[in-house]
Each structure stands twice: as C-alpha cells, then as structure tokens.
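Notes to accompany the following structure.
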Number of protein chains: 2
Amino acid sequence: MSRKEQIDQVATTLFKSRGFAATTMRDLALELGIEAGSLYSHIKSKEDILQRVCFRMADEFNEAFNEVKNQDEPAAEKLRLAIAAHVRVLTKNPPAAGVFLNEWRHLSEPSLSQFNTMRHTYEESFREIVREGIASGDFQVSDEKFVVLTLLSSLNWLHMWYKPEGKMSPDEIAEFLSNLLLNGLKNF
Amino acid sequence: MSRKEQIDQVATTLFKSRGFAATTMRDLALELGIEAGSLYSHIKSKEDILQRVCFRMADEFNEAFNEVKNQDEPAAEKLRLAIAAHVRVLTKNPPAAGVFLNEWRHLSEPSLSQFNTMRHTYEESFREIVREGIASGDFQVSDEKFVVLTLLSSLNWLHMWYKPEGKMSPDEIAEFLSNLLLNGLKNF
DNA sequence: CCTACCGATCGGTAGG
DNA sequence: CCTACCGATCGGTAGG
C-alpha cells in the first residue's frame with residue numbers, strides 16, 4: 001500500500017469517528033507517526049482526501065448497482081439483488097461508507113454539486129425498480145420516492161455497528177433486511 | 001423568546017446545516033447581528049448550547065414515548081403509536097432533531113455518557129414492544145435488536161427533507177411508515 | 001520526510 | 001452588548 005493510500009485509509013477512520021471538520025492534519029500525522037507538514041508531499045489538501053473517499057465510494061455503489069440493473073427478474077427479486085449489492089458495499093469498508101454518508105457535505109464546489117448529482121442518480125436507479133414493481137402489481141405503494149428514501153436509510157445505518165467478525169454475513173444481513181422491507185414485520 | 005433561546009435556536013439551524021465543529025461562534029453572532037464576544041453574556045460555551053439541544057430532544061422523545069408505553073393495546077398497535085409519537089417529535093423541530101441525531105458525538109464527558117445512556121434506554125423501550133409482539137405471535141422476527149435499529153433508522157432520515165408546508169401531515173407520514181414497516185412493500 | 005514557520009482563525013475573556 | 005484582545009491551534013508552505 002502506497003503512503004498516499006495509507007494516509008487515505010487512516011484519515012477515513014478519523015473522519016468517520018470524529019467528523020471531517022473536527023479532525024486535524026496533526027491528528028492524522030500523529031496516527032501515521034510523521035509530522036503534519038510531511039503529509040503534503042503525498043496529498044494536495046485535507047479536502048483532497050475527502051474527495052477521493054467520497055467519489056470512490058460513489059463509484060463502488062454505482063458499479064455494484066449496474067451489475068443488478070439489467071437482470072431479467074421480477075421487480076421484487078431485482079430489489080433484493082440491489083439491496084444485497086448495497087449492503088455488500090456498505091459492509092466491505094464501513095469507515096469509508098460512514099464518511100461517504102455523513103461527511104460529504106464538507107465538500108466544496110464544484111465537487112459538492114458533482115457528488116449530489118451522483119447520489120441523485122443512484123437513488124433514481126432504486127426508484128426505477130420500485131416503479132417497475134408498482135406497474136407490475138408486485139408492490140402496492142403509491143409514492144415511490146418516499147419508499148426509496150425509507151428503504152435506503154434503513155440500510156444506511158449498517159456502517160455504524162457492522163463488524164466483519166459478527167455472526168451474520170453481509171448476504172445474510174441483506175436477506176434479513178430484504179425480508180423485513182418486502183414482507184413487513186408482521187409477515188416476516 | 002429570551003436572547004438565550006434565540007441563540008439556541010439560531011445555533012441549532014447552523015449546527016444542523018454546517019455541523020457543530022464547522023460552525024464558529026462568529027458565524028452564530030453574525031446571524032444574530034451581534035459581536036461574537038457578546039454571546040458569552042448569555043451562554044457558557046459553544047458546547048453548552050449543544051448540550052441543551054441534545055438533552056431537550058432526548059427528553060421530548062422519552063416523554064412522547066411514555067404516553068404510549070402503558071396503553072393496553074396489542075403490540076402491533078402499540079408500535080404504530082410509538083412510531084407516530086417518534087415522527088411527531090422529529091417533525092416538530094427538524095433542525096433540532098438533526099442536531100440530536102448527528103451532532104451528539106461532539107459532546108464531551110460526562111455529558112456524552114449520559115446522552116448515550118438516554119439513547120440506549122429509548123431504544124430499549126422500542127425493543128420491549130417488539131419483544132411483546134414476538135411473544136404474542138404478532139411479529140414473526142427473531143432478532144429484535146436488529147429490527148429496532150432498522151426501524152428507527154428508517155424513521156430518522158425524516159428530518160432531512162420534512163417541511164411543514166408539504167402535502168403530508170406528520171400523522172399521515174407516520175401511518176405511511178407504519179404500514180410500510182409492518183406490512184412490507186409487497187402487502188402495503 | 002523534517003524543521004521552522006506563515007497568516008488566519010478559533011473559543012473565550014476583561015473591562016467597560 | 002461592544003471593544004480589544006488573549007493564547008492556542010488551524011491548514012498549509014519553503015527550503016532543505
């Protein structure tokens with residue numbers, strides 16, 4: 001792992017636990033065992049790191065979704081696959097997922113607008129599946145925007161507690177969540 | 001409204017939109033049309049404000065829940081009432097809810113531990129209802145901890161987009177979410 | 001990668 | 001509530 005990748009990784013865990021604004025370059029340097037000024041041989045700025053983390057995660061979510069997108073399955077099954085893909089990305093790197101979800105607002109323009117566009121596109125992909133399910137009669141909902149936001153936020157807290165050594169695998173977690181969201185608490 | 005309450009309110013909207021750490025006392029003073037130093041005639045410190053907002057909201061959630069707690073209803077109905085109570089508090093003051101949900105980690109000890117205890121108690125109250133529902137056969141789930149965390153996080157994103165002038169009232173939103181979570185996407 | 005340092009800005013205070 | 005200011009710390013740079 002290059003020094004730059006090391007910096008990104010350590011910064012990610014710090015941004016996640018303290019927040020971007022409350023993390024100082026001296027905190028980061030201390031954790032890496034070097035002086036603060038030395039960081040700048042490898043990175044351009046503090047926000048430079050944040051940008052890489054946010055956009056890398058955005059790419060991962062989009063790529064994972066694209067493998068699901070064009071499968072010829074009924075909407076309910078497609079949604080299950082999309083949920084599983086989302087959970088897989090979330091659990092693969094929880095600190096990075098946390099930064100992606102909570103620290104993106106510290107991006108400055110034009111990165112911020114670009115990021116928001118990507119996020120919107122991703123949500124739109126989910127909405128498309130839900131619309132399909134409504135059209136086919138699989139789903140009995142009216143407001144697909146509302147549903148998708150609820151759905152995604154019920155997945156996105158995962159990064160806060162997920163630990164690789166836990167008893168459930170990412171795919172088991174995804175199945176649990178899919179069942180809960182598709183069938184409800186009563187008919188689980 | 002006293003000057004202190006005014007400060008708390010304006011600070012809440014700033015903490016919500018920029019984050020606690022990225023909000024400066026000078027930002028806050030500017031918004032209020034006074035000098036930064038003048039704030040300290042009314043408040044003890046920056047964190048002093050955060051503490052009041054966080055604990056006030058924690059109290060509101062607990063109070064709202066307590067009115068539901070001892071009603072003699074089946075678990076599913078009790079859960080509906082608890083969800084409605086939660087949504088009502090969330091939507092009554094979205095910026096304060098946002099600070100409560102996202103900025104509490106900037107509390108320092110001993111407030112931080114005290115806050116975490118309160119939050120844990122609140123989650124435990126929800127778990128109790130789900131356990132009741134499992135015992136009575138209303139709910140077909142095994143892991144009530146997992147369910148409650150999913151449930152709460154599917155509600156807690158509300159503060160990000162809810163606007164009082166929107167077409168759905170808090171109680172309509174609560175009903176929509178209750179139906180989705182209890183019956184699932186398929187049998188809505 | 002370090003030493004040495006910069007200008008800016010931070011939360012907060014004294015004295016009125 | 002303001003003026004004037006404090007010590008500390010911030011992100012970042014120059015020169016080696």
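Chain identifiers are assigned alphabetically (A, B, ...) following the order of the sequence lines, protein sequences preceding nucleic acid strands; residue numbering begins at 1 within each chain.
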Give me the atom names and distance for the closest heavy-atom approach of A11(A) to I49(A).
CB-CG2, 3.7 Å
I want to check a possible cation-pi pair here: K46(B) against F20(B), using under 6.0 Å from ring centre and within 45° of the ring axis as the test.
yes
Would you write the dot-bracket representation of DNA chain D, where each base gets (, ), [, ], | or . depending on whether it forms a Watson-Crick or G-U pair under 3.5 Å and with which partner?
||||||||||||||||
What does nucleotides 2-16 of chain D look like as a protein-contact string, B for base, S for sugar-phosphate only, - for none, at under 4.0 angstrom between heavy atoms?
BB------SBBB---
Which of parallel (below 30°), tilted (30 to 60°) and perpendicular (above 60°) describes H86(A) and F126(A)?
perpendicular
Side chain to side chain, L158(A) and L177(A), heavy atoms closer than 4.5 Å
yes
Which of parallel (below 30°), tilted (30 to 60°) and perpendicular (above 60°) describes W157(B) and F146(A)?
perpendicular
If you link ILVMFWY side chains whenever their heavy atoms are less than 4.5 Å apart, which other residues fall into the same cluster as L81(A)? By chain and number, please.
V68(A)
Would L181(A) and S154(A) satisfy side-chain contact (heavy atoms from CB on, under 4.5 Å), going step by step from the backbone distance to the final call?
CA-CA 9 Å; L181(A) 293 163; S154(A) 73; 3.6 Å; yes
